[in-house]
Amino acid sequence: QVQLVESGGGLVQPGGSLRLSCAASGISVRLNAMGWYRQAPGKERELVAVLSATGMKNYGDFVKGRFTISRDNAKNTVWLQMNSLKPEDTAVYFCYSNQRGRNDYWGQGTQVTVSS
């Protein structure tokens, strides 16, 4: 049974930072592609960051060097470090896993609100 549980969201001022975590069970973050997506009100879900099983990282165009995806194999957890946050980053952030190009899994999402 695959489960992805996000945490770490909250309210932060513009220019601030947050670190999101995705605790995975039933799937290895080392052996599978992991990522983060986000969805703002009235918008489609969009890619934030993805980390392949080989360690390759890709980011959405809006990131512009502000975010970093990483994993802790011992904890089976994926992290998203977000710096220099902007109001337009406000969204629900979802953890994502693709199991060997076959199965997709999603977390429940965690709210990130950037506001002064």
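The shortest side-chain heavy-atom distance between F62 and E88 does not fall under the 4.5 Å cut-off. Between L31 and R100 there is a side-chain heavy-atom pair separated by less than 4.5 Å. The closest side-chain heavy-atom distance from I69 to V78 is below 4.5 Å.
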Going by atom type alone, with no hydrogens or angles, which donor-acceptor pairs under 3.5 Å involve a side-chain atom of residues 4-18 and a protein atom two or more places apart or on another chain?
from : atom 1 : to   : atom 2 : distance (Å)
E6   : OE1    : Q108 : N      : 2.9
E6   : OE1    : Q108 : NE2    : 3.2
E6   : OE1    : G109 : N      : 2.9
E6   : OE2    : C95  : N      : 2.6
E6   : OE2    : G109 : N      : 3.1
S7   : OG     : S21  : OG     : 2.6
S17  : OG     : N83  : OD1    : 2.9

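For N73, the CG atom is densely surrounded, since the number of other residues' heavy atoms within 6.0 Å is greater than 12. Heavy atoms of other residues, nucleotides or ligands lying less than 6.0 angstrom from CD of E44 number 12 at most. For K75, the NZ atom is loosely surrounded, since the number of other residues' heavy atoms within 6.0 Å does not exceed 12.
M34 and W106 are assigned to two separate hydrophobic clusters, defined by single-linkage of ILVMFWY side chains at heavy-atom distances under 4.5 Å. In this structure, L85 is not a member of the same hydrophobic cluster as W79, with clusters built from ILVMFWY side-chain heavy atoms closer than 4.5 Å. Grouping the Ile, Leu, Val, Met, Phe, Trp and Tyr side chains by contacts below 4.5 angstrom, directly or via other members, places Y105 apart from V50. The same ILVMFWY cluster, assembled from side-chain heavy atoms under 4.5 Å apart, contains both V48 and V112. Under the 4.5 Å side-chain heavy-atom criterion for ILVMFWY residues, a single connected hydrophobic cluster contains both W36 and V114.
One distance of note links CG of D104 with CD of Q99; it measures 10.0 Å at 0.5 Å rounding. Rounding to the nearest 0.5 angstrom, the gap separating the CG atom in N103 from the CD1 atom in I27 is 8.0 Å.
A donor-acceptor contact shorter than 3.5 Å is absent between the side chain of T110 and the backbone of Y93. Between the side chain of D72 and the backbone N or O of T77, no donor-acceptor pair lies under 3.5 Å.
For the residue pair S52 / T54, a side-chain donor-acceptor distance below 3.5 Å is found, with atom types taken as modelled.
Here the closest heavy-atom approach between residue N76 and residue S25 is recorded as ND2-N, 4.3 Å. Minimum interatomic distance between R71 and A53 (heavy atoms only, all atoms of both residues): NH2-O, 3.3 Å. Closest heavy-atom contact between Q111 and V92: OE1-CG2, 3.3 Å.
Contacts of Y59 classified as side chain to side chain donor-acceptor pair (under 3.5 Å), with partners at least two apart in sequence or in another chain: none.
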Derivation of the side chain to side chain contact (heavy atoms under 4.5 Å, CB included) call for D89 and M82: CA-CA 10 Å; D89 293 320; M82 303 189 294; over 6 Å; no

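A cation-pi arrangement is absent between R45 and Y96 under the rule of less than 6.0 angstrom and at most 45 degrees off the ring axis.
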